[in-house]
Amino acid sequence: MSERHRYRARYVIPVDRPPLENATLEIEGERIVAIHDHHDPRAIDLGNVALIPGLVNAHVHLEFSDLDTPIVPPQPFTQWLRGVMHSRSSRTASIEETLKRGIREVITQGTAVIGEVATHGWSAQAVADENTTVSPLHIVAFRELLTLSQDRIPAQLNVLEQHLHDCKSFASIRSAVSPHAPYSVHPELFSAAVNTAKQDNLPLAIHLAETSAELELMRTGTGEFREFLGELGVWQDDVFESPRTPLDYLKAMSELDRGLIIHGNYLTETDIQYLAAHQNLTVIYCPRTHAYFGHSPHPWKRLLNDSVAVALGTDGRSSNPNLSVWEELRFLYIHHPDVPPATILQLGTINGAKALGIERDYGTITPGKKASIAVIELPKETTRSPEALLFDPVSRMRGMLSSYAS
Ligand SMILES: [Zn+2]
């Protein structure tokens with residue numbers, strides 16, 4: 001039988017029920033056994049801290065984890081994409097080293113789960129090697145698929161098959177698929193990805209309604225993307241012959257177990273109504289990345305009001321100074337005092353777990369779930385709610401309980 005550990009904290013914030021004060025958390029092996037609303041004398045006293053569910057970063061690109069600052073310029077968007085391509089071709093660190101660096105960063109930021117986008121050179125082995133036994137991170141690895149050329153679709157599907165095979169060897173990695181975006185994926189490749197996801201019960205993610213230029217391209221085959229794709233030599237007349245909308249993609253994803261709409265910055269009223277009726281689809285809002293690009297205000301509050309599922313991602317260091325979901329939550333708390341801090345916390349925990357289809361094990365502090373718990377040091381005051389104290393400027397992220405308390 002595994003050893004039982006008990007920790008006393010000023011607050012335990014389970015997320016699926018109200019916070020408990022002066023509470024004790026009981027863990028056995030890798031699972032939560034119980035939460036008590038009193039100080040068990042056998043418990044290790046962690047002091048003036050809150051225990052919260054390990055954070056869920058539903059969308060990240062670890063391949064850019066070696067960047068100290070985001071890629072410039074953020075606008076026009078296709079210019080930023082040129083910067084991304086340049087950054088890939090001129091990187092000095094190996095992709096393995098960069099992935100490992102990213103893994104270390106997210107763990108120290110109290111992250112339990114990431115929805116990672118796996119691109120060229122991605123290595124399940126490198127990711128698993130860096131993943132510690134102390135605070136094992138759960139990785140949902142979305143294999144990115146990318147081509148507008150019909151001829152290249154079979155090769156992309158082979159890449160996906162290899163990825164599914166490679167991930168099988170690692171308990172901490174679950175495979176998933178991500179046809180990149182409407183401007184970079186042939187509609188038949190998208191359909192094939194949806195079919196594989198349905199068959200194998202994989203989460204599927206797509207960058208959708210990210211820019212107004214993307215919507216223009218889908219509608220009329222014109223605009224900055226037309227020029228950009230032409231310049232790259234990948235433009236295909238037939239792909240953009242007939243108009244499409246984000247709703248066409250949402251409909252295709254409606255029968256998936258889990259579908260992730262990355263960004264959704266420019267979703268229309270019709271899209272929003274459709275999403276409200278499909279709880280298997282989650283919009284992944286990346287707050288600081290959204291701000292970096294200077295988009296029109298994101299509809300996340302509107303989405304929440306209409307009962308659309310919303311979770312958070314950091315995106316990569318290509319558009320964000322770091323990979324901390326904690327800082328995303330704080331960013332929302334500071335800029336949206338009208339939203340209850342308990343709601344903000346859900347976005348970075350249970351909502352992300354549901355988006356990725358792993359809510360049985362992650363997202364709340366509930367007996368039976370994985371003991372992936374983050375520790376936040378709190379200010380001393382007692383007047384505000386525990387959730388509000390979490391996001392106070394004085395509060396400090398101390399990382400995962402397993403590494404903090406050992
Ligand atoms: Zn992204």
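In what follows, residues are counted from 1 in the order of the sequence shown. In listed order, ligands and their atoms are each counted from 1. Only heavy atoms go into these numbers, but all of them, side chains included; no hydrogens, no water, no symmetry mates.
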Notebook entry, point to check: If we only count heavy atoms from C-beta on, is the S324 to T314 side-chain gap below 4.5 Å?
Noted result: no
Next item on the list: Using a cut-off of 2.8 Å, find all protein N, O or S atoms closer to the Zn ion (ligand 1) than that distance.
Entry: H59 NE2, H61 NE2, H207 NE2, D315 OD1
Check: Would you call L323 and L62 a side-chain contact if the rule is heavy atoms closer than 4.5 Å?
Finding: yes
Checklist line | Any donor-acceptor N/O pair, R31 side chain to G368 backbone, under 3.5 Å | finding: yes
Notebook entry, point to check: Excluding sequence neighbours, so at least two apart, what forms ring pair (Phe, Tyr, Trp, His ring centres under 6.0 Å) with F391?
Noted result: W326, Y333
Notebook entry, point to check: How about H295 and Y266: are their ring centroids closer than 6.0 Å?
Noted result: yes
Notebook entry, point to check: For the ring pair H207 and H61, is the centre-to-centre distance below 6.0 Å?
Noted result: yes
